[in-house]
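A short write-up of the structure that comes next.
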2 protein chains.
Amino acid sequence: MPTVLLIEDEPSLGLIVKDSLESRGFAVQFASDGEAGLQLFRQQCPDIVVADVMMPKLDGFSLAEQIRRENAAVPILFLTARSQPADVVRGFELGGNDYLKKPFSMDELIVRIKAQLSRQPAAAPAPVGPLAIGRYQFDHPKQKLRFGAQEETLTNREAELLKRLYDQRNQVLERNAVLKELWGDDSFFNGRSLDVFITRLRRCLKDDPQVQIVNVRGIGYKLIL
Amino acid sequence: MPTVLLIEDEPSLGLIVKDSLESRGFAVQFASDGEAGLQLFRQQCPDIVVADVMMPKLDGFSLAEQIRRENAAVPILFLTARSQPADVVRGFELGGNDYLKKPFSMDELIVRIKAQLSRQPAAAPAPVGPLAIGRYQFDHPKQKLRFGAQEETLTNREAELLKRLYDQRNQVLERNAVLKELWGDDSFFNGRSLDVFITRLRRCLKDDPQVQIVNVRGIGYKLIL
DNA sequence: ATCCTGTGTTAAATAGTGTTAACGAGGCAA
DNA sequence: TTGCCTCGTTAACACTATTTAACACAGGAT
């Protein structure tokens, strides 16, 4: 359920909009002037801000400026009786994302709010779920590697090594770095051990030809996706 | 310079908008009906589509539907005399990104176009597909070189060297520069090593006589396509 | 022409890697 | 304890990438 911060100084209009939004499944925070709105914004971190432009204490444009200083991502939608093109331009320049002139229909407001929310990039950039390695799914903490229906359990060393390859995917992962991290030192024999694990990971990953672990002689390995 | 595909059936309005956009630094492709617009879209892959809704042959909504089927990312901005809320809703539901009612000011249109473009996430972060070297396809990260059906795997050094030759294609790639980049220094023996790799790349590329690695005595090599 | 340097090419030498299998330590259950 | 299992290591052998060496030739300068 997305949260909308609504800032509007006309009580009657504010109430109507709030009710309409709530009836469509939005959680609505309401403020009736810019200052109260800013305070609420800081407390609630809403998913989108819908603000009137002409308001007492702190007008919508100044409010937007302040919000942008603190948060570059949250969409801001202006709601206003003004219809001067210059105002619209100013609204966008201050970091607004849309501008709706009064009178407007609730349907249009809602659809524009949805349009803004839908473009929001993956809000949770790292839900630390399984990692995608080609067509494989790799769950590092669980040490599981899935290819479609079949799942296999990796040993600890295999998982740690694959994780490091993944973190450096498409770049070279240096032998010495891994050896010191996982083995503690980079002696000759440990180096051979690493080779053995590379072989094992290659066999695990053989079902997707897109995925390859290529050797960079004398330096290390590269995981290619 | 962003490319705008403008589709508008009123010639006078279309012309005005086109000129205004061009004067603001946009490249404009213009079509006066939906079918022509769709065709132009396929040819030009514009950065944004600005389309009238009521048009002969193929209306703006149907056009948007078709475009979305082929490209989920490009922003679509509707431009229309209709002002029924239901239309606005329909426009967004079909995958439109903004909806501007006539009459509108050019400033507002431009600012809304910019708002759409600016939110475009680095659309193609790195589609870095295979590079074309004559009739060969060279996939640098995968170190693969394909000639028609047959594919061969290059060693790391071969791939790195070929990449540098490609980046400087039809220009001289200096011996010293490559030696310092790939070998770390430019001693005599490493120089001979480089010669050996040039020989091997020549053999790899021998099937297309168009492609040649020519020597520039005392300086370096040139990859000719 | 003659010399000298830079390059083309091939082959041998070396060091780094691929792969498989055997081994040994530790865990766990009977 | 014993037996069995798993994981990680070590060993052995095959193979590959890169370097080094060797010889041949091309181009420019004296």
Side-chain angles (χ1 to χ4, degrees), chain A residues 140 142-145 151-165 172-206 209 211-224, chain B residues 140 142-145 151-165 172-206 209 211-224:
Chain A
H140 177 226
K142 289 186 183 158
Q143 306 186 178
K144 302 277 189 187
L145 188 62
E151 176 179 271
E152 71 185 304
T153 305
L154 301 180
T155 72
N156 188 59
R157 279 243 196 288
E158 287 166 352
E160 292 301 319
L161 177 54
L162 182 52
K163 174 66 160 53
R164 277 153 184 79
L165 281 165
V172 182
L173 176 68
E174 292 185 31
R175 290 179 75 90
N176 291 343
V178 198
L179 285 171
K180 289 213 201 86
E181 258 199 278
L182 297 187
W183 275 268
D185 74 86
D186 55 353
S187 68
F188 170 76
F189 282 116
N190 286 335
R192 297 321 322 267
S193 218
L194 171 58
D195 292 333
V196 172
F197 280 98
I198 290 290
T199 295
R200 289 184 185 161
L201 284 181
R202 280 186 178 135
R203 181 166 34 221
C204 292
L205 296 170
K206 70 177 167 345
V211 180
Q212 290 189 45
I213 300 176
V214 308
N215 172 253
V216 181
R217 189 185 175 88
I219 311 290
Y221 294 92
K222 247 193 314 190
L223 173 66
I224 295 180
Chain B
H140 176 228
K142 289 188 182 157
Q143 308 183 176
K144 303 276 189 189
L145 188 62
E151 176 179 89
E152 72 185 303
T153 304
L154 301 180
T155 73
N156 188 65
R157 279 235 198 286
E158 288 165 351
E160 293 300 321
L161 177 54
L162 182 52
K163 173 66 160 52
R164 278 154 183 78
L165 282 165
V172 182
L173 176 68
E174 292 184 34
R175 288 179 74 89
N176 290 345
V178 197
L179 284 172
K180 289 213 201 87
E181 258 199 279
L182 297 187
W183 275 268
D185 74 86
D186 56 352
S187 70
F188 169 76
F189 282 117
N190 286 335
R192 298 320 323 269
S193 223
L194 170 58
D195 293 332
V196 172
F197 279 97
I198 290 290
T199 295
R200 303 224 314 236
L201 284 181
R202 280 183 178 138
R203 181 166 32 221
C204 291
L205 296 169
K206 70 179 167 344
V211 180
Q212 288 190 52
I213 300 176
V214 306
N215 173 253
V216 181
R217 189 186 172 85
I219 312 290
Y221 295 91
K222 236 191 327 186
L223 174 64
I224 298 184

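All values reported here derive from a predicted model rather than from experimental measurement.
With pairs defined as Watson-Crick or G-U wobble and both atom distances under 3.5 Å, the stems of at least three pairs that touch DNA chain D come out as C:1-30 with D:1-30.
Side-chain to base pairing of B:Arg203 with C:dG8: no donor and acceptor N or O lie closer than 3.5 Å to each other. Side-chain to base pairing of A:Arg217 with C:dA15: one donor and one acceptor N or O lie within less than 3.5 Å of each other.
Base engagement by A:Arg200 is indicated by at least one non-hydrogen atom pair under 4.0 Å involving a base atom. Residue contacts shown for B:Arg192 include a base, since a base heavy atom lies under 4.0 Å away. At a threshold of 4.0 angstrom between heavy atoms, the contacts of B:Phe188 with the nucleic acid are absent.
Considering only side-chain N and O atoms, A:Arg175 lies nowhere under 4.0 angstrom from the phosphate OP1 or OP2 of C:dG16. When the side-chain nitrogen and oxygen atoms of A:Trp183 are compared with OP1 and OP2 of D:dT9, one or more of them lie within a distance under 4.0 Å. Look at B:Thr199 and you won't find any side-chain N or O under 4.0 angstrom from OP1 or OP2 of C:dG8.
Applying a 4.0 Å cut-off to non-hydrogen atoms, the residues of residues 152-161 of chain A that approach DNA chain D are A:Thr155, A:Asn156, A:Arg157, listed by residue number.
The CG atom of A:Asn215 sits 12 Å away from the C1' atom of C:dA15 (whole-angstrom rounding). In this structure, B:Asp195 atom CG and C:dT10 atom P are separated by 13 Å, rounded to whole Å. Whole-Å rounding puts the B:Ile219 CD1 to D:dG28 P distance at 13 Å. Atom C1' of nucleotide C:dG8 and atom CD1 of B:Ile213 are separated by 13 Å, given to the nearest angstrom.
With contacts defined as side-chain heavy-atom distances shorter than 4.5 Å, the pair A:Gln212/B:Gln143 does not qualify.
Along DNA chain C, the nucleotide nearest B:Tyr221 and the nucleotide nearest A:Arg202 are compared for position; the residue whose nucleotide lies closer to the 5' end is B:Tyr221.
The side chain to side chain contact (heavy atoms under 4.5 Å, CB included) check on B:Arg175 picks up B:Leu194, B:Asp195, B:Tyr221, with sequence neighbours excluded.
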